[in-house]
Amino acid sequence: MISGRHGGAQPGSGLSPGGGADGRGTSTASPSRQRPDGPGGGAARRRARDRRLRWLVLPAVVLVAAVLVRVFLVVPYSIPTGSMEPTLQVGDRILVDRLGSPDDLRRGDVVVFDASAAFHLGEPTSGLLDRAIGTVGSIVGEGPDTDYVKRVVGLPGDHVRCCAGDGRITVNDVAVDEPYLYPGDPPSATTFEVTLPPDRFWVMGDHRSASADSRSQLGAPGGGMVPGGDIIGQVRVRYWPPDRIGTFSPVPLSAIPRNGQ
């Protein structure tokens, strides 16, 4: 703290025009020239410092709270492509529930997952600044390019095939209705037949002709099956735009028994 000394002279020790023979005066400086270095001035400086600290601490607390919510509770995302149309459209904003377990997923659930391993996209390399920017972006819904949103069509142990004689996909030999498909799209223009091992999920976009999903990795290592550990969470709510706010309801796929049941 500043002690109230200026250039080594004490208040009241300045030269006085009417001083004695030794050049010393006895009068004090006028109030208008005094500096606020007494107890009142120090308190004012402390209050100003406290205000500055509050402006620094508050954004930091908000940022930490948002990161904790994102890591443990829910994650916001913005939809960048039309691969899930008409269910999710470009620009829609969603909330993803991180509390659930992959074991709780049902067929037809819409999920967000990290596709970097299952779809062989590679891990993006980035420095500390890039990671910091990515963290801030994720808080407002701008996730990394390797995070995909798709619909669960097959669960661990399921036998999924395209297609039945009428063109529908079958799950455990049951032909399924998919009312969420993009108008005019067939269930799949690519034929496939897979049996999912433990902890693996088959995912597809609702806009089948415009979706890079499990089918796009047929013949590659892993066969496009998504490990449960790569699933970030289940889409629960669309919160933007206002005229499309709503939750996601079960679809007919969810009623099919698991393989062997």
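Worth knowing before you read on, the calculation uses all heavy atoms, side chains too, and leaves out hydrogens, waters and symmetry mates.
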| Close side-chain approach of Val96 to Gln234, heavy-atom, < 4.5 Å | no
| message | For the aromatic rings, using the six-membered ring if either is Trp, is the centroid distance between Tyr77 and Tyr148 under 6.0 Å? | response | no
| message | If I take atom CH2 from residue Trp202 and atom CZ from residue Phe192, how far apart are they, to the nearest 0.5 angstrom? | response | 5.5 Å
| Any donor and acceptor pair, going by atom type alone, linking the side chain of Arg208 with main-chain N or O of Gly205 inside 3.5 Å? | yes
| note | The reported gap from CD in Glu193 to SG in Cys163 (rounded to nearest 0.5 angstrom) is 11.0 Å
| said: For a quick test of reading the model, state the closest non-hydrogen atom pair linking Ala118 to Met225 and the distance between them. | reply: CB-O, 3.8 Å
| message | With heavy-atom distances below 4.5 Å as the criterion, would you say the side chains of Arg244 and Gln89 are in contact? | response | yes
| field | Contact check, side chains of His207 and Asp185, non-hydrogen atoms, under 4.5 Å | value | yes
| With Leu253, which of Val176, Asp109, Val152, Leu155 fulfils side chain to side chain contact (heavy atoms under 4.5 Å, CB included)? | Val176
| message | I'd like to know whether Val149 forms a side chain to side chain contact (heavy atoms under 4.5 Å, CB included) with Val235, so could you lay out the CA-CA distance, the side-chain angles of the two residues, the decisive distance to 0.1 Å, and finally the verdict. | response | CA-CA 9 Å; Val149 56; Val235 178; 4.2 Å; yes
| Taking all atoms of both residues into account, what is the closest heavy-atom pair of Ala210 and Ser83, and its distance? | O-CB, 3.5 Å
| remark: Rounding to 0.5 Å, atoms OG (Ser216) and NE2 (His120) come to a distance of 9.0 Å
| query | Is Asp114 close to Asp147 at the side-chain level, that is, under 4.5 Å between some pair of heavy atoms? | reply | yes
| task | Report the C-alpha distance between Ile231 and Phe201 in whole Å, list the side-chain angles of each, state the deciding distance to 0.1 Å, and finish with yes or no for side chain to side chain contact (heavy atoms under 4.5 Å, CB included). | result | CA-CA 9 Å; Ile231 295 176; Phe201 296 80; 3.8 Å; yes
| request: Supply the atom-to-atom distance Thr146 OG1 to Leu121 CG, rounded to the nearest 0.5 angstrom. | output: 6.5 Å
| query | Can you tell me how far CD1 of Ile79 sits from CD1 of Ile94, rounded to the nearest 0.5 angstrom? | reply | 4.0 Å
| query | Which atom names give the shortest non-hydrogen contact between Ala189 and Arg215, and what distance separates them? | reply | N-NH1, 4.2 Å
| message | Quick check: do His159 and Val171 have side-chain heavy atoms less than 4.5 Å from each other? | response | no
| Asp97 to Gly100 - nearest heavy-atom pair and separation | OD1-N, 4.0 Å
| message | Set out, in order, the CA-CA distance, both residues' side-chain angles and the distance that settles salt bridge (charged side-chain N to carboxylate O under 4.0 Å, His left out) for Glu178 and Arg107, then state yes or no. | response | CA-CA 11 Å; Glu178 298 185 276; Arg107 294 181 212 88; over 6 Å; no
| remark: Between Gly167 and Pro187 the two heavy atoms that sit nearest each other are O-CG, 3.2 Å
| Per the side chain to side chain contact (heavy atoms under 4.5 Å, CB included) rule, which among Asp92, Val110, Val90 passes with Met84? | Val110
| Is there a path from Ile232 to Met204 through hydrophobic residues (I, L, V, M, F, W, Y) whose side chains come within less than 4.5 Å of each other? | no
| said: According to side chain to side chain donor-acceptor pair (under 3.5 Å), who are the partners of Tyr182, at least two apart in sequence or on a separate chain? | reply: none
| task | Is it possible for you to say whether Leu196 and Ile256 belong to one hydrophobic cluster, with membership spreading through side-chain heavy-atom contacts below 4.5 Å? | result | yes
| Just checking, is any N or O donor in the side chain of Thr247 or Arg236 under 3.5 Å from an acceptor N or O on the other one? | no
| query | Rounded to the nearest 0.5 Å, how far apart are OG1 of Thr191 and CD1 of Ile169? | reply | 11.0 Å
| query | Honestly curious: do Leu181 and Leu88 fall in one hydrophobic cluster under the side-chain, below-4.5 Å linking rule? | reply | no
| said: Keeping Asp158 on the side-chain end and Val160 on the backbone end, is there a donor-acceptor pair under 3.5 Å? | reply: no
| Any residue meeting side chain to side chain donor-acceptor pair (under 3.5 Å) with Thr87, in chain and number order, not counting sequence neighbours | Arg151, Asp206
| query | Residues in salt bridge (charged side-chain N to carboxylate O under 4.0 Å, His left out) with Asp104, at least two apart? | reply | none
| message | Could you walk me through whether Trp240 and Ile245 satisfy the side chain to side chain contact (heavy atoms under 4.5 Å, CB included) test, starting with their C-alpha distance in whole Å, then the side-chain angles of each, then the deciding distance to 0.1 Å, before giving a yes or no? | response | CA-CA 6 Å; Trp240 188 265; Ile245 290 175; over 6 Å; no
| In the single-linkage hydrophobic clustering (I, L, V, M, F, W, Y; side-chain heavy atoms under 4.5 Å), do Val251 and Val203 co-cluster? | no
| said: Quick one, Arg238 with Arg93, criterion side chain to side chain contact (heavy atoms under 4.5 Å, CB included). Give me CA distance, side-chain angles, the key distance, then yes/no. | reply: CA-CA 6 Å; Arg238 175 178 35 240; Arg93 292 185 176 270; over 6 Å; no
| task | Determine whether the side chains of Ser214 and Lys150 contain a donor N or O and an acceptor N or O closer than 3.5 Å. | result | no
